[in-house]
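Structure, as structure tokens:
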Amino acid sequence: MKLHIGISIATAGQLAELPELKKVDFLELPFSLCGQPEFTLPKSWKNRLHRISGRSESRTLNSLIDTGNVMRREFYRLFSRNCAVASSLKAGEVTLAIDWEYAFDNAGYAAELREILRCCYGIAFKFSLTPVIELRIPGSAVLKPADFIRLRNSWMIPVRTLIDLHPHEPGSLEMLENFFAANRFECNKFRISYDAAGGNYLTVKLLDRIKNCICPVGSEIPELCFYPGRNADREAFQAILPVIA
């Protein structure tokens, strides 16, 4: 099965030191980086930027639930500015991470979150970006995969799902396999998140188990993106190549 292989970075320093990695198809950048005035994309990656990640946005979205319209408008203004930058760089997708656990337990929170997400998705579409919701595994939401799909679909927002898998955390692969069994056609966008600086590493055996849960959707080529952590250095990114070859 053919896969699109990507790399995700967290900081401007990582981007500056990122090796060319010719075997890697696409790059994922964080929203926070797009908002920095000195941000520039290295020439070797200019045609490979694919996604802007909002994995750190869940706390920001939570804080908007109990705030007034002024704070929400400010957030939408910043979100719009970053989407404009992403679009100018020819990115195709933008993700948002939310607190699924709280959304499952609090109907009021889920309703408010739906309205915020609707505004975010409207902004993303304005800039020709495809909105994607992140689902962290392991996480309580995937203990009942059907409930995740039911809640997400109840918002009636045209949304895709990115599975943010943390394979070195206890129970993660079992949760992934349960989710795949219940929702096969939600499993074609993955980010593999791990802490390379803390001693985690990837193996062919581990990736083979993950690949068994990747499902093509129509003619779309599935994506597998690697994020070796906020403190990863140049060597950590280079170490990915022998495993994916």
P167 to L165 - nearest heavy-atom pair and separation:
CD-O, 3.2 Å
Going by chain and number, the hydrophobic cluster around V132 (ILVMFWY, side chain to side chain under 4.5 Å) further includes L162
List the atom of A84, the atom of F127, and the distance in Å for their closest heavy-atom pair.
CB-CE2, 3.5 Å
Could you measure the distance from the CD1 atom of I7 to the CG atom of L29? Nearest 0.5 Å is fine.
12.0 Å
Would you confirm whether S80, through its side chain, and R77, through its main-chain N or O, come within 3.5 Å as a donor-acceptor pair?
no
Can you confirm whether I9 sits close enough to L33 that some side-chain heavy atom of one is under 4.5 Å from a side-chain heavy atom of the other?
yes
What's the separation between atom CZ in F39 and atom OG in S32, rounded to the nearest 0.5 Å?
10.0 Å
Answer yes or no: does atom CG of N153 have more than 12 heavy-atom neighbours from other residues, nucleotides or ligands under 6.0 Å?
yes
Does the side chain of L27 come within less than 4.5 Å of L18's, by heavy atoms?
yes
Donor-acceptor contact present, side-chain D25 to main-chain I5, <3.5 Å
yes
Please name the pair of heavy atoms, one in H4 and one in F26, separated by the smallest distance, quoted to 0.1 Å.
O-CE2, 3.6 Å
Sub-3.5 Å donor-acceptor pair from the side chain of Q14 to the main-chain atoms of G229, do we have one?
yes
Aromatic plane relationship, F31 with F79 - under 30° parallel, 30 to 60° tilted, over 60° perpendicular
tilted
Which atom names give the shortest non-hydrogen contact between A86 and L129, and what distance separates them?
CB-CD1, 4.1 Å
Mind running side-chain contact (heavy atoms from CB on, under 4.5 Å) on S8 and C225 for me, showing each step along the way?
CA-CA 7 Å; S8 181; C225 184; 3.7 Å; yes
Mind checking whether L202 and F226 have side chains closer than 4.5 Å, heavy atoms only?
yes
With the 4.5 Å side-chain cut-off for hydrophobic clustering, are L135 and F185 part of the same group?
no
Quick check for you: to the nearest 0.5 Å, what is the distance between K46 atom NZ and L41 atom CG?
7.0 Å
Within the 4.5 Å heavy-atom criterion, are R114 and S154 side-chain neighbours or not?
no
Anything under 30° is parallel, anything over 60° is perpendicular, the rest tilted; go ahead and classify W155 against W100.
parallel
Quick one: closest heavy-atom pair of I52 and P30, and the distance?
CG2-C, 4.2 Å
L21 side, atom CG; L241 side, atom CG - distance, nearest 0.5 Å:
5.0 Å
Just so I know, are the side chains of F179 and C213 near enough to count as touching, which here means a heavy-atom distance under 4.5 Å?
no
State whether R160 and E93 are salt-bridged, where the test is any N-O pair (Lys NZ or Arg NE/NH1/NH2 against Asp/Glu carboxylate O) under 4.0 Å.
no
Heavy-atom side-chain proximity of P131 to L96 below 4.5 angstrom
no
Might you work through the side-chain contact (heavy atoms from CB on, under 4.5 Å) test for L3 and I244, ending with a clear yes or no?
CA-CA 10 Å; L3 295 173; I244 65 175; over 6 Å; no
Assigning hydrophobic clusters by single linkage (Ile, Leu, Val, Met, Phe, Trp, Tyr; side-chain heavy-atom cutoff under 4.5 Å), is L224 placed with I221?
no
Taking OH in Y201 as the centre, count heavy atoms belonging to other residues, nucleotides or ligands within less than 6.0 Å. Is the count above 12?
no
V204, V24: one ILVMFWY side-chain cluster at the under-4.5 Å cut-off?
yes
For the hydrophobic clusters of this structure (ILVMFWY residues joined by side-chain heavy atoms under 4.5 Å, transitively), does one cluster hold both I137 and F180?
no
Any chance you could measure K23, atom NZ, to I240, atom CD1, to the nearest 0.5 Å?
13.0 Å
Heavy-atom donor-acceptor pair, R136 side chain to P138 backbone, under 3.5 Å
yes
Looking at every non-hydrogen atom in both residues, tell me the closest pair between I214 and P222 and how far apart they are.
CG2-CB, 3.4 Å
For a side-chain contact (heavy atoms from CB on, under 4.5 Å) check, start with the C-alpha distance between L117 and I133, then their side-chain angles and the critical distance, and finish with the verdict.
CA-CA 9 Å; L117 290 176; I133 282 185; 4.1 Å; yes
Establish whether L113 and L78 are linked, either directly or via other cluster members, by ILVMFWY side-chain heavy-atom contacts under 4.5 Å.
no
Can you tell whether the side chains of K189 and E220 come within less than 4.0 Å, N to carboxylate O?
yes
Beyond-backbone contact of L176 with F190, side-chain heavy atoms, under 4.5 angstrom:
yes
Please tell me whether E186 and T161 have a donor and an acceptor in their side chains that are separated by less than 3.5 angstrom.
yes
Could you give the side-chain donor-acceptor pairs of residues 205-212 under 3.5 Å, partners two or more places apart or in another chain?
{"from": "R209", "atom 1": "NE", "to": "E177", "atom 2": "OE2", "distance (Å)": "2.7"}
{"from": "R209", "atom 1": "NH2", "to": "E177", "atom 2": "OE1", "distance (Å)": "3.2"}
{"from": "R209", "atom 1": "NH2", "to": "E177", "atom 2": "OE2", "distance (Å)": "3.4"}
{"from": "N212", "atom 1": "ND2", "to": "D208", "atom 2": "O", "distance (Å)": "3.4"}

Start with the C-alpha distance between T95 and R51, add both sets of side-chain angles, then the distance that settles side-chain contact (heavy atoms from CB on, under 4.5 Å), and finish with yes or no.
CA-CA 8 Å; T95 78; R51 182 162 53 228; 3.3 Å; yes
Here the gap from I163 atom CD1 to E134 atom CD, rounded to the nearest 0.5 Å, amounts to 11.5 Å
Pairs satisfying salt bridge (charged side-chain N to carboxylate O under 4.0 Å, His left out), at least one member in residues 233-245, at least two apart
none
Using only atom types and a distance under 3.5 Å, with no angle test, would you say the side chain of R72 pairs donor to acceptor with the backbone of L64?
yes
Below 4.5 Å, heavy atoms only, C-beta onward: do L49 and K90 meet side chain to side chain?
no
